[in-house]
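Report on one structure; see the data block that follows.
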Amino acid sequence: MVNEFVHAQKPTSEKLIIDTHGILVKGNTSTAGAGSLDTSKDFGGKYRSDDVSIGVQRCPKPSEIAVAMTSMVKNLDIELDAAEKTGVLDLSSLAAKCCDRFFNIHPFRDGNGRLCRLILNVILIKYAGVVVNGW
């Protein structure tokens, strides 16, 4: 993701996020329900197929994830393009909005928090040259 978005100056894309997720969770296992474990081959780089909630908030249904992700990426690209053209970028707000939107979509079965932090950091690296660690 850093290479594509930061170094190669390519726009964000849903495919880049999906591919990065597959790399990020490679070798991991995840509880699939009823006590069984799936390997990353079963869930890496694939949108979740079950309903989830974060606390009391319901995330988009599996059938709505692709549309929500496409919208998130499109909105990010529009905001980044406008910021680059005007020279005005509220980086904290932009990164926070993107992370909030991604996390609330919660598109994957596992690794959403890690990928959210990675998305935040590639935005910060590209536009401010900083990395947020920990968290």
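No experiment lies behind these values; they were computed from the predicted model shown. Only heavy atoms go into these numbers, but all of them, side chains included; no hydrogens, no water, no symmetry mates.
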Which atom of Asp110 lies closest to which atom of Phe43, heavy atoms considered | CB-CE1, 3.7 Å

Check whether any side-chain heavy atom of Arg48 sits under 4.5 Å from a side-chain heavy atom of Pro62, and report yes or no.
-> yes

Spatial distance of atom CD1 (Ile123) from atom NZ (Lys97) [nearest 0.5 Å] | 11.0 Å

Hey, quick one: are Met69 and Ile23 part of the same hydrophobic cluster, counting side-chain heavy atoms closer than 4.5 Å, chains of contacts allowed?
-> no

Residue pairs fulfilling ring pair (Phe, Tyr, Trp, His ring centres under 6.0 Å) with at least one residue in residues 82-103, sequence neighbours excluded | Phe103-His106

Rounding to 0.5 Å, atoms CD1 (Ile17) and OG1 (Thr20) come to a distance of 7.5 Å

From Asn121 atom CG to Lys126 atom NZ, the distance as rounded to the nearest 0.5 Å = 15.0 Å

So do the side chains of Leu94 and Asp90 get within less than 4.5 Å of each other, counting heavy atoms only?
-> no

For side-chain contact (heavy atoms from CB on, under 4.5 Å), just list the numbers for Arg114 and Leu118, CA-CA rounded to whole Å, side-chain angles, deciding distance to a tenth of an Å, and then say yes or no.
-> CA-CA 6 Å; Arg114 286 170 278 165; Leu118 185 57; over 6 Å; no

Straight-line distance of Lys74 NZ to Glu79 CD, nearest 0.5 Å = 13.0 Å

Can you see which heavy atom on Gly111 is nearest to which on Leu24, and at what distance?
-> O-CD2, 4.0 Å

Would a 4.5 Å heavy-atom cut-off, applied to side chains only, mark Ile119 and Met1 as touching?
-> yes

Residue pair Ile54, Cys59: steps toward the side-chain contact (heavy atoms from CB on, under 4.5 Å) verdict | CA-CA 7 Å; Ile54 303 170; Cys59 298; 3.7 Å; yes

So which pairs with a foot in residues 107-131 pass ring pair (Phe, Tyr, Trp, His ring centres under 6.0 Å), sequence neighbours left out?
-> His21-Phe108, Tyr47-Phe108

Heavy-atom nearest pair, Leu120 first then Cys99, reads CB-SG, 3.3 Å

In sequence, state the C-alpha distance, the side-chain angles, and the governing distance for Leu91 and Leu124, and then conclude on side-chain contact (heavy atoms from CB on, under 4.5 Å).
-> CA-CA 7 Å; Leu91 190 56; Leu124 293 174; 3.7 Å; yes

Using modelled atom types only, decide if a donor and an acceptor are shared between the side chain of Ser53 and the backbone of Gly55 within a distance under 3.5 Å.
-> no

Quick check: does any side chain N or O of Ser71 sit under 3.5 Å from a backbone N or O of Val67, one acting as donor and the other as acceptor?
-> no

Can you tell me how far the CE atom of Met72 sits from the CZ atom of Arg101, to the nearest 0.5 Å?
-> 8.5 Å

When hydrophobic residues are tied together by side-chain contacts of less than 4.5 Å, even through go-betweens, does Ile78 share a cluster with Leu80?
-> no

Taking it one step at a time, do Lys61 and Asp51 satisfy salt bridge (Lys or Arg N to Asp or Glu O under 4.0 Å)?
-> CA-CA 6 Å; Lys61 296 177 190 267; Asp51 290 335; 5.1 Å; no

Minimal heavy-atom distance between Cys98 and Leu76, with the atoms involved, is SG-CD2, 3.9 Å

Which atom of Pro11 lies closest to which atom of Asp77, heavy atoms considered | CB-OD2, 4.1 Å

Any donor and acceptor pair, going by atom type alone, linking the side chain of Ser13 with main-chain N or O of Leu16 inside 3.5 Å?
-> yes

